[in-house]
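Down below is the structure, laid out as structure tokens.
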Amino acid sequence: MAEFEPKIVAFLCNWCAYAGADLAGVSRLQYPSSIRTVRVMCSGRVDPMFVLEAFKDGSDGVLVAG
Amino acid sequence: MGLADRKATYKLYAQAIPGSFAIEKFDTAPCRMACPANLNVQGYVAMVKQGKYEEAVKIIMEDLPFPGILGRICPHRCEKSCRRLELDSSISIRELKRVAADHVDLSKLPVPDITPRNEKVSIIGAGPAGLTAAYFLAIDGYEVSVYESMPEPGGMMRYGIPEHRLPRSVLDAEIDNLKRYGITIHTNTVIGRDLTLEELREHGASAIFLAIGAWKGLKLRIPGEETAEGISDVTTFLREVHLGNLKQLSGKVVVIGGGHSALDAARVALRLGASEAHIVYRRSRTEMLAEPEEVEETEVEGVKIHFLAAPISIGSENDKVTGIECIRTRLSDMDSTGRRKPIPIEGSEFFIEADHIIPAIGQEPDFAGLTQKLNLNVSKWGLLEVNPETLQTNIPEIFAGGDVISGPATVIEAVEAGQRAAKYIGQYLQGKVLPTEWQEEPPMGTNWQAPSKDEPMKDRLKVPTLPKQQRLSGFEEVNLQVDETSAQEEADRCLDCGGCCECYRCVEACGPQAVTLETHAQKPETVELEVGSVILAPGFTPFDPSKFDNYNYAKHPNIVTSTEFERILSATGPFMGHLTRISDKKEPKKIAWFQCIGSRDLNRCDNAYCSSVCCMYAVKEAVIAKEHADYDLDCAVFFMDMRTPGKDFEKYYNDAENKHGVRFIRSRVHTIDPVHGTDDLEVRYVTDKGELKTEIFDMIVLSVGMEISPEMVDIANDLGIELTDGKFCKTSDFQSFATSRDGVFVCGAFQGPKDIPESVMEASAAACSTGVNLSAARGALVKERIFPDESDISGEEPRIGVFVCNCGVNIGGVADVPAIAEYAKNLPNVAYVEENLFTCSQDTQDKMVEVVKEQHLNRIVVAACTPRTHEPLFQETIRNAGLNPYLFDMANIRNQCTWVHSNDKKTATEKSKDLIRMAINRASLLEPIPAVSVDINKSALVVGGGVAGMTAALSLADQGFPATIVEKSSELGGVAKDLKKTWKGRDVQEFLSGLVNKVTRHPGIEVLTDSEVTDASGFVGNFETQVSNGNGTKSVKHGVTIIATGGKPADVDEYLYGQNPRVTRWHDLEHDPDKLKDAESVVFIQCVGSRDDNRPYCSRICCTSSILQAIAIKEEHPETDVFILYRDIRTYGEREALYKKAREMGVIFVRYSLDNKPKVSEVENGLEVDVFDPVLQRSLKIKADYVNLATAIEPADNMAISESYKIPLNAEKFFMEAHAKLRPVDFATDGIFLCGLAHYPKGIDESIAQAMAAAGRATTVLAKDSVQISPLVSQVDADQCIGCGLCTEVCAFSAIELEEIEGKGYRAKNIPASCKGCGLCAASCPQHAIDMLHFRDAQIIASVCAAV
């Protein structure tokens, strides 16, 4: 059986975490491709409702970074 | 650079600015200049090369109506001027013309649109001159009638040139074609007999062109000519044949003459049945007018040519010719006209038997009384007299041209006469004044395109001919048709001398009519501008290494320059970014870089300076080459000193070596030898330890330095500005952007070799300086940008346009972009999808605007890089298309996909599809948001009162923008207070006191000393900063903020610093000159605390600083031993001269490595320094009176400032600019700027430049009255709000407050100008009464739904 790779929805703050994700790209860091990022203007924008929505839609994990 | 083929119409590269095409033109090709009719030879040859015969014929017919005729019988002067002759042999131009003509049915070509005119023109004579004139006059709209005395039109083309050279079908077709232009030809009409000129005038002819040719054969003027039967001049003979009156001939024929018609007559005679045909010619083969192939074919057919023989009498019997008496001749030396006269040799008479004698020695016009009747002037040669320029006769309405004015000449010359006549008859009829004299052509230029170095030698096309045995039985064409492949290969030999071949296909192809015949003809023009300031930014020229033969650059394809290698690595380069070596297009496995080519080298070139940028770009090229190669690529950099003193450069260098495995070899390679039998290259070098090594590489990159071109030196001289020894612009350390001439500023590499960030800083500094000088005129020439009205999309269904970017190979090299684009097509609401090489390039932007309009798109999604850098660009683009900028979203498939999943192409493609689906789902719900603008507070706050801070404040205040300086210490000046001299030798203290004086006295500057920033709020145009001085806090309102918090020398605890007073740092020793008086030995240690694990950066200025101090010691005390212990000497740019000077003065430089640092110990009366010398391969023990440490430079404690203004620091606590290369003084946050040591260690000259740059950038904000702020703010639904106040509690920006509504209690109200758009209020609202514009709940959920 293939190793379990969790599907992750990540809410990233435009000013830090999203910039960090861009920088990871500029630095060519490699990481698993199972993450889907949603840009928000602040991690404070992330309503708990969004997190629940992500789980409801089938994601295995939710990352809020900011 | 010759890496790829380029057409004359070209675009430099995809991202070039301006992003448009250019046409490369040289002087007119010599073939065209040589053609009497000025035919565009290069143009039609280029078309034949591509098999575009119709286009070729169209080009030919721009200049003449007879492509097929001239393709056969033209004596082709063009071929004699062909530059290919310098290589091998000329191109068979005539043959290529025939190939083009033979493939095109003229009757199928469209006739150009003709605008009819009222005037009528009559042309007498339907030969080549008459018909050509008719052709051009008809195109011009005149009604043209041609009158011909013979039964059929064509003149000498029909009645002089035999069919075996010019088939009648070709002649007929091309003359017939003229009728389609509205030309009427009246044959069998003799003017003077059937019609008179008066009658023509009565018929309405406003002008007449006489082109009646020269049909009367000249006599031999020898005894026997008048009496004997069997003599017929060549014109009569050929005419009778072509009229069909003479069908057979028997006996022997002798033709006299050496021109085309002599050969024609002899060959025709054989075809009519003559038993023998002879030609008697009084000069030799070389003087023959007919071309050699023609002569050869004639001889092949059996004609006997008697060279160097002249007729002296005609023998006859019973009045019938029996033969001709000839005499041998010899040629005299050349006379003044370059001709060699034949001189009869006495006693060499001989007799040729003949039944027919055909003199072919020339013709003259047969006027038959016409000239007397019309009172036309005739010359003593029996030719009509005309104005040579206009061809006008003494009767103004009558023009004449062709053989009638020149005597017998070629068809192409007659064509020229026809062109000329048409031009001037037209002008005459339009009432223009005609020139009275010959108009000299402008001199012919010889600046032609150089043939490429590897242009292969190739034989000239051989034209196939009819076998001899098939020839004489009839008049079948002797020269056979050349097959297409051979013709195209022949055309490919063309060297394209003129660059652009003027085929004007680009004009036809250009839809928006940017290239028209007018714009195509554009030439450089001089425009005079009145300006208050001039900024010079001419850049540099890469050093040309072909002058170094030891590097074999010019000879070996696999030795390239670094600029060429950049192109090889580029996605838009010759190999689409695929790592390829030139010779065999294979992937190189081993590449070497050689540093300092054309830099730091006085022996082989005059460039003593360091070019500053080459070390870093070589490291970068090596790393990127390794990234591009999906195999194990070996990269080695051969260098002298590794110079990476730029911000974050050292870390990159370390990563290149440690993470990427680039090899760095400290050695200067002297020879490269090609490896026999391969395309590889052998490199011999000596290592540090003195070992000789050889290594073979597949490819070598020469890291070429920067030079100022001789042209720029001339311009500088013209401008009256001074240059340095290295030919760079001379500037002072306190104003590195000002030239020696007032009002003329400089930036970039012309000021001195430098990298992009320094160039950008200097550019902003130069702009700011001009701004200070010209502030009174600010805004005078501003044109306001006007956007189209925003279209109202309310009520429209979403129609989304998706643009998927390849980003060169950055995305397309990993993910399957076509598949992604295909996938996007099927997503809901998607109306249009396309993929681009670079979606951000100017041409794609223009196209996007068009597509939005054409497809009526109302939402745009770009799948490319990150919105953090590119969203504003695309938003502006769709705004140009009339869409609100917020109807836009991006899918970040580069930074967050292909770059981070480059090892897994499949999942990268899948993830890209998901990211696009998320963006499209969200885009469907996007709404237009109106712009918000606020007024700007036109003042600045400068944090830091050092040289950088003061310079910035002063230049803003000088422009009328008040500034407040907040200085932590009790006085202004910062670390500059410790400096003595700049590297160019200027006194820093004198400058500093002057600067402090100006600042403190300036009415527009407020200085707050002993003060610190404790808090800050606001945004661009409207900041509010709390400044505390211990006694209290003051609030300062300002529109921009400049961060100039400076730096300081780092504390160290090595080399006995702090334990022994003989160990000092930086300027301690310099400031204590007494110490140096009796010192016998001083040691400087470099890189103390720099370039190690703690501080992985180079402090940039220490090498220059220590060397300056060492020189000062040597100047004062030459006997003192001075040692500099270093790791790499980094005297970048022209600072290199100091390094050289120090060595010459006897300063001893000893290199050490990080893993074997020097050791300092205390000995009696001093110190001892123990260092391992890698050159001597042994330890040195240096007795030192003093050891001075070049300790690292650290930033000030910037944490509080960073937090107050929310601006980032890098790992070493220097402030982080918005973009390392392109925005070196900006922060990502608008309205805050950076300069001085707070950014990175730098010299005082660079600090001042950066401060001016920061002020310049700040001016771009302060000069405006209002600023647009982000409208992405919160929105309260008052109906849903219950007034709980939770939002006001969580808002960090006081951007939401409770407002009492009568009868309803409290309701939340947002304050858009203060709102940062974080959305905390929205997430906190228990009622979901608050939503965020552009980040609405529904929009975010749409993304989430599509994510999984």
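So you know, we letter chains A, B, ... as the sequences are listed, proteins then strands, and number each from 1. Any value given below was found using the heavy atoms of this structure, including those in side chains, with hydrogens, waters and symmetry copies removed.
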Proximal component of Met1332(B), with respect to chain A [non-hydrogen, under 4.5 Å]: both
Side-chain touch Met41(A)/Lys1316(B), heavy atoms, less than 4.5 angstrom: no
Residue Val9(A) versus chain B: region with a heavy atom under 4.5 Å: side chain
Least distance between heavy atoms, Cys42(A) atom then Cys1318(B) atom: CB-O, 3.2 Å
Whether Glu53(A) side chain and Val1344(B) backbone form a donor-acceptor pair below 3.5 Å: no
Ile35(A) portion near chain B, given a 4.5 angstrom heavy-atom threshold: both
Shortest non-hydrogen contact between Phe50(A) and Ile1340(B), atoms and distance: CE1-CD1, 3.6 Å
Toward chain B, the part of Asn14(A) with a non-hydrogen atom under 4.5 Å: both
Side-chain heavy-atom pair Glu910(B), Ser33(A) within 4.5 angstrom cut-off: no
Electrostatic pair Arg45(A):Asp1337(B) at N-O distance under 4.0 angstrom: yes
Non-hydrogen atoms of His901(B) and Tyr31(A) that approach each other most closely: ND1-O, 2.9 Å
Atom group of His1328(B) that falls short of 4.5 Å from chain A, counting heavy atoms: side chain
From Ser1343(B) atom OG to Arg39(A) atom CZ, the distance as rounded to the nearest 0.5 Å: 10.0 Å
Nearest heavy-atom neighbours spanning Ala1323(B) and Gly44(A): CB-O, 3.0 Å
Residues Asp47(A), Arg1336(B); criterion salt bridge (Lys or Arg N to Asp or Glu O under 4.0 Å); working and verdict: CA-CA 11 Å; Asp47(A) 198 306; Arg1336(B) 288 190 182 280; over 6 Å; no
Nearest non-hydrogen partners of Val26(A) and Asn895(B), listed with the distance: CG2-ND2, 4.0 Å
Heavy-atom pairs under 4.5 Å with chain A, option from Leu915(B), Thr1229(B), Asn903(B), Val1290(B) with the top count: Asn903(B)
Contacting moiety of Tyr18(A), where chain B heavy atoms sit under 4.5 Å: both
Contact summary for Gln896(B) and Thr37(A), nearest pair of heavy atoms: OE1-OG1, 2.8 Å
Interatomic spacing from SG in Cys16(A) to NZ in Lys1206(B) - rounded to 0.5 Å: 12.5 Å
Within-4.5 Å side-chain heavy-atom neighbours: Asp904(B) and Gln30(A): no
Working for side chain to side chain contact (heavy atoms under 4.5 Å, CB included), residues Trp15(A) and Arg868(B): CA-CA 9 Å; Trp15(A) 308 104; Arg868(B) 287 177 51 84; 4.2 Å; yes
Residues, nucleotides or ligands: over 12 heavy atoms within 6.0 Å of Lys1221(B) NZ: yes
Residue pair Val900(B), Arg28(A): steps toward the side chain to side chain contact (heavy atoms under 4.5 Å, CB included) verdict: CA-CA 5 Å; Val900(B) 289; Arg28(A) 308 296 199 279; over 6 Å; no
For chain A, the option from Cys897(B), Ser902(B), Cys1325(B) that forms the most heavy-atom pairs under 4.5 Å: Ser902(B)
Beyond-backbone contact of Leu29(A) with Trp899(B), side-chain heavy atoms, under 4.5 angstrom: no
Best-contacting candidate, Ala919(B), Gly1317(B), Pro1208(B), Pro867(B), against chain A by heavy atom pairs under 4.5 angstrom: Pro867(B)
